[in-house]
Visitor: 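Dumping the structure here so I can ask a few things about it.
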Amino acid sequence: MADYSINVPRLDWLIGGSRIGMSYNRYYGSCGTDSHKGFLTEKMFNYTVWMEKIEDTEYIKAAVYYGCNNYENTPDEDKEESTYPFEEESLEEIRKWLFEKADSFFGN
């Protein structure tokens with residue numbers, strides 16, 4: 001596994017203000033860019049991690065998508081999502097899944 005700069009936020013950060021009538025937080029990240037050239041000469045791996053409530057049950061979700069568009073402007077067929085139980089251990093599973101997807105994307 002290569003050493004990508006992929007971060008998965010803490011569970012309490014994802015929960016955000018949802019417990020006091022506000023919303024969950026959503027985390028976005030990317031790798032494959034160059035700090036001087038941006039994304040113009042590099043392949044771009046993007047991901048997002050968020051909480052979602054489905055029929056009174058909370059889940060942690062993660063998605064990967066590629067290229068220059070943000071999540072909202074990327075067609076659904078170009079995104080790959082994964083759903084995890086709402087528990088601390090899921091964060092490590094998400095991190096592993098994101099690293100696997102990055103390895104596949106970058107050809108490692």
Side-chain angles (χ1 to χ4, degrees):
M1 182 180 338
D3 185 25
Y4 304 111
S5 190
I6 293 177
N7 299 305
V8 176
R10 296 183 345 217
L11 198 54
D12 61 341
W13 187 89
L14 286 169
I15 292 169
S18 65
R19 302 302 189 255
I20 58 171
M22 298 172 71
S23 62
Y24 297 114
N25 288 323
R26 186 176 193 123
Y27 184 84
Y28 296 91
S30 64
C31 55
T33 59
D34 181 283
S35 61
H36 298 288
K37 300 176 193 169
F39 61 84
L40 296 176
T41 61
E42 304 292 329
K43 297 188 282 185
M44 191 124 150
F45 173 83
N46 305 295
Y47 63 97
T48 183
V49 180
W50 72 100
M51 299 281 302
E52 193 169 296
K53 193 173 200 173
I54 303 170
E55 297 178 9
D56 294 329
T57 303
E58 290 177 310
Y59 296 94
I60 307 170
K61 298 188 87 173
V64 296
Y65 52 103
Y66 314 102
C68 299
N69 287 332
N70 62 20
Y71 180 81
E72 289 76 16
N73 291 325
T74 299
D76 288 342
E77 61 270 10
D78 294 337
K79 301 174 195 171
E80 185 174 350
E81 292 185 1
S82 190
T83 303
Y84 301 85
F86 174 67
E87 54 191 40
E88 194 73 35
E89 294 79 24
S90 293
L91 299 176
E92 184 59 29
E93 292 302 312
I94 291 169
R95 189 173 104 47
K96 288 178 186 175
W97 182 74
L98 290 172
F99 271 91
E100 288 171 8
K101 293 298 173 185
D103 274 344
S104 176
F105 177 71
F106 290 113
N108 295 325

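A quick note: this is a predicted structure, and the numbers were derived from the prediction, not measured.
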Visitor: Flag the pair Tyr28 / Asn46 as yes when at least one side-chain heavy-atom distance between them is below 4.5 Å, and no otherwise.
Guide: no

Visitor: Identify the heavy atoms of Arg26 and Thr48 that sit nearest to each other, and give their distance.
Guide: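 Scanning both residues, the minimum pair turns out to be NE-OG1, 3.1 Å.
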
Visitor: What residues, two or more places apart in sequence or in another chain, satisfy ring pair (Phe, Tyr, Trp, His ring centres under 6.0 Å) together with Trp50?
Guide: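 Only Tyr71 meet the ring pair (Phe, Tyr, Trp, His ring centres under 6.0 Å) criterion with Trp50.
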
Visitor: Mark yes or no for whether Tyr66, through its side chain, and Asp78, through its backbone, hold a donor-acceptor pair below 3.5 Å.
Guide: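 No, because the side chain of Tyr66 does not come within donor-acceptor range (under 3.5 Å) of the backbone of Asp78.
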
Visitor: Please find the pair of heavy atoms, one from Ala63 and one from Leu98, that lie closest to each other, and give the distance.
Guide: O-CD2, 4.5 Å

Visitor: Identify each donor-acceptor pair in which a side-chain atom of residues 54-61 lies under 3.5 Å from a protein atom, sequence neighbours left out, and give them as a table.
Guide:
unit_1: Glu58; atom_1: OE1; unit_2: Arg19; atom_2: NH2; d: 2.9
unit_1: Glu58; atom_1: OE2; unit_2: Arg19; atom_2: NH1; d: 2.7
unit_1: Glu58; atom_1: OE2; unit_2: Arg19; atom_2: NH2; d: 3.4
unit_1: Glu58; atom_1: OE2; unit_2: Tyr24; atom_2: OH; d: 2.5

Visitor: Testing the basics here: between Thr74 and Lys79, what is the closest heavy-atom pair and its distance to 0.1 Å?
Guide: O-CE, 2.9 Å

Visitor: Working to the nearest 0.5 Å, report the span between NZ of Lys101 and NZ of Lys96.
Guide: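 Nearest 0.5 Å value for the NZ-NZ distance: 15.5 Å.
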
Visitor: Hey, mind stepping through Asn7 and Tyr47 against side chain to side chain contact (heavy atoms under 4.5 Å, CB included) and telling me if it holds?
Guide: CA-CA 10 Å; Asn7 299 305; Tyr47 63 97; 4.2 Å; yes

Visitor: Counting distance only, does the side-chain N/O of Ser18 pair as donor-acceptor with the main-chain N or O of Ser23 below 3.5 Å?
Guide: no

Visitor: Specify the closest pair of heavy atoms between Ser90 and Pro85, including all atoms of both residues, with the distance to one decimal.
Guide: OG-O, 2.7 Å

Visitor: Closest approach of Glu93 and Tyr84, non-hydrogen atoms and distance?
Guide: CB-CE2, 3.9 Å

Visitor: Before you tell me yes or no, could you show the steps for Val49 and Trp13 under side chain to side chain contact (heavy atoms under 4.5 Å, CB included), namely the whole-Å CA-CA distance, both residues' side-chain angles and the distance that decides it to 0.1 Å?
Guide: CA-CA 11 Å; Val49 180; Trp13 187 89; over 6 Å; no

Visitor: Checking Glu80 against Trp97 for the side chain to side chain contact (heavy atoms under 4.5 Å, CB included) test, could you report, in this order, the C-alpha distance in whole Å, the side-chain angles of both residues, the deciding distance, and whether it holds?
Guide: CA-CA 11 Å; Glu80 185 174 350; Trp97 182 74; 4.1 Å; yes

Visitor: Look up atom CZ in Phe99 and atom SG in Cys31, then write down how far apart they are to the nearest 0.5 Å.
Guide: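 Interatomic distance, Phe99 CZ to Cys31 SG, rounded to 0.5 Å: 8.0 Å.
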
Visitor: How long is the gap from CD1 on Ile15 to CE on Met51, to the nearest 0.5 Å?
Guide: 5.5 Å

Visitor: Which atom names give the shortest non-hydrogen contact between Ile6 and Ala102, and what distance separates them?
Guide: CD1-CB, 3.9 Å

Visitor: Does any non-hydrogen side-chain atom of Asn73 lie less than 4.5 Å from one of Tyr65?
Guide: no

Visitor: Looking at residues at least two apart in the chain, or sitting in another chain, which of them share a side-chain contact (heavy atoms from CB on, under 4.5 Å) with Asp12?
Guide: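 Here the qualifying residues are Arg10.
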
